[in-house]
Amino acid sequence: MFNQEDFAKNKFILKTIEISALMPHRNALLSMQPMQPMHIAFNIDDNFFMQAGVAITSILENNKRKPFFFHIFCDGVSDANLAKMRRTAEKYGTQMRIYIMDMQPFQSFHIKTKHFSRVTYLRSVMPKILQPLTDKYLYMDADMICVGDISEIEKIDLQDYPFAAASETPEAVKYKTEFLHQKSGKHFNDGLMWIDINEWEKERITEKVFSYQGADPSRFSGQSQDIMNLVLDGEILFIDRKFNGGSDKGVLIYHFTGRNKPWQMVIGEGARLWRHYLDVSCWDSIKDPNPPKDPAHYFNHKLMMQHYKREGQYGEMLKSCFWYSWLKIRYKLGI
């Protein structure tokens with residue numbers, strides 16, 4: 001179990017990799033209106049570097065006159081992914097720092113679903129690590145893209161709250177708050193947080209999150225988000241869902257939660273935009289809009305079948321129907 005004294009002595013970081021590729025033409029643009037960089041942080045494992053790369057590409061494509069400093073917290077990175085991140089930095093003339101983290105301090109946190117990773121808990125220590133560099137930063141999940149001026153987030157007045165985040169959907173709020181016994185009746189999505197480091201530290205949020213190490217996993221329906229909501233219980237600044245998924249006010253940040261991931265299948269405008277930024281990025285394009293023809297993805301073929309029916313593409317609908325049926329049989333038989 002990690003204890004309070006460890007925060008003073010444990011730096012959490014095994015290694016940092018600096019990637020600075022500010023280019024003369026970009027410097028010339030930025031020098032017209034000198035600005036401090038906006039700091040944006042992600043936590044991922046090596047399997048999600050492509051998604052983080054697409055998110056970063058979308059930000060840089062839509063904010064070409066703005067300086068950024070990207071921070072990627074991970075448990076390791078392959079040579080191939082590191083090379084593509086370097087190419088991304090060079091392409092856009094931006095700064096990055098990759099933190100290879102010591103995962104041992106996080107081992108007592110619960111894992112709700114086997115395929116999930118404890119890297120989700122890295123967001124709980126980011127303020128302590130980034131404090132020497134900035135007083136505010138944006139945390140983003142990697143399964144997001146930005147489609148407009150991200151300065152809208154910087155302009156949010158945090159009003160002495162430790163961070164701003166968007167609420168979950170009404171249905172999710174009802175279920176989560178009842179399951180977690182939250183008194184406030186409020187529940188935020190921690191996939192995007194605009195964070196004031198000084199207020200975070202005043203409220204000792206990292207330490208409070210770590211107090212849930214070793215807790216019974218049956219107490220939670222998810223991972224870090226549940227703990228963050230128990231620690232804050234509604235005492236944050238709630239912002240419109242246009243900053244995390246979309247609302248009737250539009251979409252600034254798409255967030256791809258749920259089954260239909262855009263790197264697996266293309267349904268809707270958000271997924272089409274994600275594929276566009278993948279094409280622009282330093283990662284390989286994915287040409288097939290349909291899910292992988294693998295038994296594990298049989299349900300996604302049902303979603304595609306329904307999508308093609310709505311679009312009136314009946315030939316594609318029949319193909320998806322075949323793959324859904326065949327892959328479901330294989331999945332049930334274990335072949």
Side-chain angles (χ1 to χ4, degrees), residues 44-55 58 78 80-81 110-117 119-120 141-145 147 168-176 179 189 191 217-218 220-223 225-226 241 244-247 251 253-281 283-335:
I44 55 176
D45 61 23
D46 193 53
N47 294 320
F48 256 69
F49 264 82
M50 175 185 71
Q51 289 82 350
V54 172
S58 72
S78 67
N81 279 324
H110 72 277
I111 291 289
K112 191 63 179 177
T113 305
K114 188 178 294 185
H115 69 274
F116 286 174
S117 168
V119 296
T120 59
D141 277 355
D143 57 347
M144 290 179 156
I145 54 171
V147 294
E168 282 284 13
T169 63
E171 298 80 9
V173 169
K174 184 178 188 302
Y175 169 73
K176 288 278 195 175
F179 187 92
N189 183 289
S218 67
F220 310 103
S221 60
Q223 292 188 182
Q225 180 170 303
D226 283 9
R241 284 178 55 82
N244 188 345
S247 73
V251 186
I253 306 288
Y254 281 95
H255 191 182
F256 301 101
T257 58
R259 285 178 180 264
N260 50 335
K261 302 297 189 183
W263 51 93
Q264 297 173 344
M265 56 198 293
V266 179
I267 295 178
E269 179 63 15
R272 284 190 286 272
L273 284 169
W274 190 94
R275 288 288 180 100
H276 163 71
Y277 290 114
L278 173 64
D279 291 341
V280 174
S281 80
W283 277 261
D284 294 338
S285 296
I286 303 171
K287 297 303 183 185
D288 191 349
N290 297 298
K293 294 176 175 63
D294 181 278
H297 293 276
Y298 79 88
F299 189 82
N300 286 342
H301 286 275
K302 181 178 182 179
L303 295 178
M304 290 303 296
M305 178 179 68
Q306 295 167 342
H307 166 69
Y308 285 130
K309 182 178 180 180
R310 289 192 298 270
E311 296 292 312
Q313 299 182 48
Y314 297 110
E316 295 298 323
M317 181 193 75
L318 290 173
K319 292 178 186 177
S320 293
C321 182
F322 165 78
W323 283 110
Y324 166 65
S325 302
W326 171 235
L327 294 173
K328 183 178 180 180
I329 291 169
R330 288 180 59 194
Y331 181 83
K332 298 298 183 182
L333 294 176
I335 58 174

### Query
Ignoring hydrogens and geometry, is there a side-chain-to-backbone donor-acceptor pair from Arg275 to Pro262 under 3.5 Å?
yes

### Summary
Closest non-hydrogen atoms of Val54 and Ser281, given as atom of the first, atom of the second and distance, are CG2-OG, 4.2 Å

### Message
For the OH atom of Tyr308 and the CE atom of Met317, what is their distance to the nearest 0.5 Å?
### Response
12.0 Å

### Query
Considering all heavy atoms of both residues, which atom of Asn290 and which atom of Ser320 are nearest to each other, and what is their separation?
OD1-OG, 4.3 Å

### Query
Out of curiosity, Ile335 CD1 to Arg330 CZ, how far, rounded to the nearest 0.5 Å?
6.0 Å

### Query
Side chains of Ser221 and Asp226: donor-acceptor distance under 3.5 Å anywhere?
yes

### Task
Answer yes or no: is there a side-chain heavy-atom contact under 4.5 Å between Arg310 and Ile267?
yes

### Query
Of all heavy-atom pairs between His301 and Lys293, which one has the smallest distance, and what is that distance?
NE2-CA, 4.1 Å

### Lys319 atom NZ, over 12 foreign heavy atoms within 6.0 Å
no

### Message
Using 0.5 Å steps for rounding, measure from the OG1 atom of Thr120 to the CG atom of Asp45.
### Response
10.0 Å

### Message
Please determine whether side-chain contact (heavy atoms from CB on, under 4.5 Å) holds for the pair His276 and Val147, giving the CA-CA distance in whole Å, both sets of side-chain angles, and the decisive distance to 0.1 Å.
### Response
CA-CA 11 Å; His276 163 71; Val147 294; over 6 Å; no

### Task
Look only at the side chain of His110 and the backbone of Gly222, and say whether a donor-acceptor pair between them is shorter than 3.5 Å.
yes

### Task
Please name the pair of heavy atoms, one in Ala55 and one in Ala142, separated by the smallest distance, quoted to 0.1 Å.
CB-O, 3.9 Å

### Query
How are the rings of Phe48 and Trp263 set to each other: parallel, tilted or perpendicular (split at 30° and 60°)?
perpendicular

### Task
Tell me yes or no: between the side chains of Trp274 and Asp143, is some donor less than 3.5 Å from an acceptor?
no

### Query
Would you call Tyr314 and Leu318 a side-chain contact if the rule is heavy atoms closer than 4.5 Å?
no

### Check: Asn81 side chain, Asp46 main-chain N or O, donor-acceptor pair, under 3.5 Å
yes

### Task
Give a yes or no answer on whether the side chain of Gln225 reaches the backbone of Gly191 with a donor-acceptor pair at less than 3.5 Å.
no

#### Entry: Distance in Å, Lys328 NZ paired with Lys302 NZ, rounded so as to fall on 0.5 Å steps
6.5 Å

#### Entry: Closest non-hydrogen atom pair, Asn189 against Glu168
ND2-OE2, 3.0 Å

### Message
With side-chain contact (heavy atoms from CB on, under 4.5 Å) as the criterion, how do Ile44 and Gln51 come out once you've worked through the C-alpha distance, each side chain's angles and the decisive distance to 0.1 Å?
### Response
CA-CA 9 Å; Ile44 55 176; Gln51 289 82 350; over 6 Å; no

### Message
Determine whether Met144 and Asn244 satisfy the following criterion, side-chain contact (heavy atoms from CB on, under 4.5 Å), listing intermediate values before the conclusion.
### Response
CA-CA 8 Å; Met144 290 179 156; Asn244 188 345; 3.5 Å; yes

### Query
What are the two closest heavy atoms between Met304 and Val266, and how far apart are they?
CE-O, 3.8 Å

### Query
Can you tell me how far the OH atom of Tyr324 sits from the CE atom of Met305, to the nearest 0.5 Å?
6.5 Å

## Note on the structure
The reported gap from CZ in Arg241 to OG1 in Thr169 (rounded to nearest 0.5 angstrom) is 6.0 Å

### Query
Angle class for the Tyr254/Phe256 ring planes (parallel below 30°, perpendicular above 60°, tilted otherwise)?
parallel

### Task
Walk me through it: do His297 and Leu327 pass the test side-chain contact (heavy atoms from CB on, under 4.5 Å)?
CA-CA 8 Å; His297 293 276; Leu327 294 173; 5.7 Å; no

#### Entry: Atom NZ of Lys174: over 12 foreign heavy atoms under 6.0 Å
no

